[in-house]
Chemist: 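Submitted below is the structure of interest, expressed as structure tokens.
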Amino acid sequence: MPELPEVETARRGIAPYLEGQRIKKVIVRDSRLRWPIPDELPALMKGKVIATVTRRAKYLLLALPKGTTIMHLGMSGSLRIIDAKEPALLHDHVDIVLTSGKALRFTDPRRFGCVLWEPGKPEQHKLLAHLGPEPLGNDFDGERLFQCSRKRKAPVKTFIMDNKVVVGVGNIYANEALFAAGIRPDRQAGAISRQRYQLLADQIKQVLAKAIEQGGTTLKDFVGGDGKPGYFKQELKVYGRGDQPCTSCKKSLIEIRLGQRSTVFCNSCQS
DNA sequence: ATAATCACCTGCTCGC
DNA sequence: TGCGAGCAGGTGATTA
């Protein structure tokens, strides 16, 4: 469940159970994630107190005294706070067990996620070092999109999903933001005006912020278990709605593929 | 440097 | 009912 709003929702859900808590042990049942979980990770974390739980892009960062645990949920990962003695199921790869009796359980059927260790500052890690600005921060705006896009021929949707341009815009919200901004996803990035990029940046921020707001509902799923997917589905205007009527003009939405990703737009509302 | 493709995995849905 | 094909919220690596 990993677009940025869900990662942020997960962060908010788990942080109160983790911050200030001491790690009793770390159980690794399967270290074969996108990158192997370091063998030494459990020993590095054991006995330490988690200072903070923060987020950079779609990475979650657990700040420990002498380093940071970096987690990513990939396509199918999820995190839950559980009672430490709850039996593990097939894809429950990691438990971070706390002395409080709770545990953070990392589950990921497809194993595209990761759990890594960075002994220095988290932003020094190879995966974090070259990321673009946070979409909801002040460093991201239409001017940046405009400047970064000059001479670029890739479709604008691919462009805004490029982590070096801006982080955290996944397939769902790329589709949604482009619809909200009235821009065709297959338009060349370099051929879009400054004014339209200002609109697009605003819509990216708005769509993500709204989804995070609604993510509050999901918080239960992450904390309590018993997760039900698709909590904000009713808000989606185009994603997953190919061939269905445009919510604005009622014409049939078009579904194409850009960069191997499903792309949906309205041929009359977006240009 | 940029763009397109591949790759990593499991699970689910669809059409035959 | 069974089975292969295709697709799924991500993104680094590889290839032109």
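Labels below follow one simple rule: chain letters A, B, ... track the order of the sequence lines, proteins then strands, and each chain is numbered from 1.
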Chemist: By a 5.5 angstrom centroid cut-off and a 30 degree plane limit, is there stacking between A:Phe112 and B:dC9?
Modeler: no
Chemist: Tell me whether A:Arg80 is salt-bridged to A:Glu86, with the criterion being a basic N under 4.0 Å from an acidic carboxylate O.
Modeler: yes
Chemist: Taking atom P of B:dC6 as reference, at what distance in whole Å does atom CZ of A:Arg34 sit?
Modeler: 16 Å
Chemist: Taking donor-acceptor contacts at under 3.5 Å, does the side chain of A:Glu3 reach the base of C:dG10?
Modeler: no
Chemist: Under 4.0 Å between a side-chain N or O of A:Lys58 and OP1 or OP2 of C:dG10?
Modeler: yes
Chemist: May I ask you to evaluate whether A:His72 reaches the phosphate of C:dG12, defined as a side-chain N or O under 4.0 Å from OP1 or OP2?
Modeler: no
Chemist: Is there a donor and acceptor pair closer than 3.5 Å between the side chain of A:Arg110 and the base of B:dC9?
Modeler: yes
Chemist: Whole angstroms only, please: what is the CE-C1' distance between A:Met75 and B:dC8?
Modeler: 11 Å
Chemist: When the distance from OH of A:Tyr173 to C1' of C:dG9 is rounded to whole Å, what number comes out?
Modeler: 9 Å
Chemist: Rounded to the nearest Å, what distance is computed from the NZ atom of residue A:Lys157 to the C1' atom of nucleotide C:dG10?
Modeler: 12 Å
Chemist: From C-beta outward on A:Gln260, which listed nucleotide comes closest to its side chain: B:dA3, C:dG9, B:dC6?
Modeler: B:dC6
Chemist: Is the backbone N or O of A:Gly113 less than 3.5 Å from a side-chain atom of A:Asp108, with the two atoms forming a donor-acceptor pair by type?
Modeler: yes
Chemist: Is there side-chain contact between A:Thr263 and A:Asp186, with at least one heavy-atom pair below 4.5 Å?
Modeler: no
Chemist: Would you kindly give the NE2-to-C1' distance between A:His130 and B:dA1, to the nearest whole Å?
Modeler: 15 Å
Chemist: Can you work out whether A:Lys126 or A:Met161 has the more 5'-proximal nearest nucleotide on DNA chain C?
Modeler: A:Met161
Chemist: Which one, C:dG10, B:dT2, C:dA8, comes nearest to the side chain of A:Arg152?
Modeler: B:dT2
Chemist: Backbone N or O of A:Leu136 within a donor-acceptor pair of the A:Glu134 side chain at under 3.5 Å?
Modeler: no
Chemist: Starting from the 5' end of DNA chain C, give me the residue, A:Arg257 or A:Gly168, whose nearest nucleotide shows up first.
Modeler: A:Arg257
Chemist: Between A:His91 (NE2) and B:dC9 (C1'), how many Å, whole number?
Modeler: 10 Å
Chemist: Please give the distance between the P atoms of C:dC7 and B:dT5 as a whole number of Å.
Modeler: 14 Å
Chemist: Does OP1 or OP2 of C:dG9 have a side-chain N or O of A:Tyr239 closer than 4.0 Å?
Modeler: yes
Chemist: For nucleotides C:dG9 and B:dC14, find the distance between their P atoms and express it as a whole number of Å.
Modeler: 16 Å
Chemist: If pairing requires Watson-Crick or G-U wobble contacts with both distances under 3.5 Å, which nucleotide is the partner of C:dG9?
Modeler: none
Chemist: Verify, without hydrogens or angle tests, whether A:Lys205 (side chain) and A:Phe140 (backbone) share a donor-acceptor contact under 3.5 angstrom.
Modeler: yes
Chemist: Would you call the rings of A:His93 and A:Phe106 parallel, tilted or perpendicular, where under 30° means parallel and over 60° means perpendicular?
Modeler: tilted
Chemist: Does C:dT11 have OP1 or OP2 under 4.0 Å away from a side-chain N or O of A:Arg261?
Modeler: no
Chemist: Which nucleotide sits closest to the side chain of A:Arg111: B:dC9, B:dA4, C:dG9?
Modeler: B:dC9
Chemist: Mind calculating the distance between CG (A:Asp186) and C1' (B:dA4) to the nearest angstrom?
Modeler: 16 Å
Chemist: Starting at atom CH2 of A:Trp35, determine the distance to atom C1' of C:dT11, rounded to an integer number of angstrom.
Modeler: 7 Å
Chemist: Just N and O in the side chain of A:Ser262: are any of them under 4.0 Å from OP1 or OP2 of C:dA8?
Modeler: yes
Chemist: Rounded to whole angstrom, note down the P distance from B:dC6 over to C:dG6.
Modeler: 14 Å
Chemist: Looking only at heavy atoms, which two atoms of A:Arg11 and A:Val53 are closest? And how far apart?
Modeler: NH1-O, 3.1 Å
Chemist: Need one value for A:Tyr59: base, sugar-phosphate or nothing, where a base atom within 4.0 Å counts as base even if backbone is also close, heavy atoms only.
Modeler: sugar-phosphate
Chemist: Can you tell which of B:dA3, C:dG10, B:dT10 lies closest to the side chain of A:Lys153?
Modeler: B:dA3
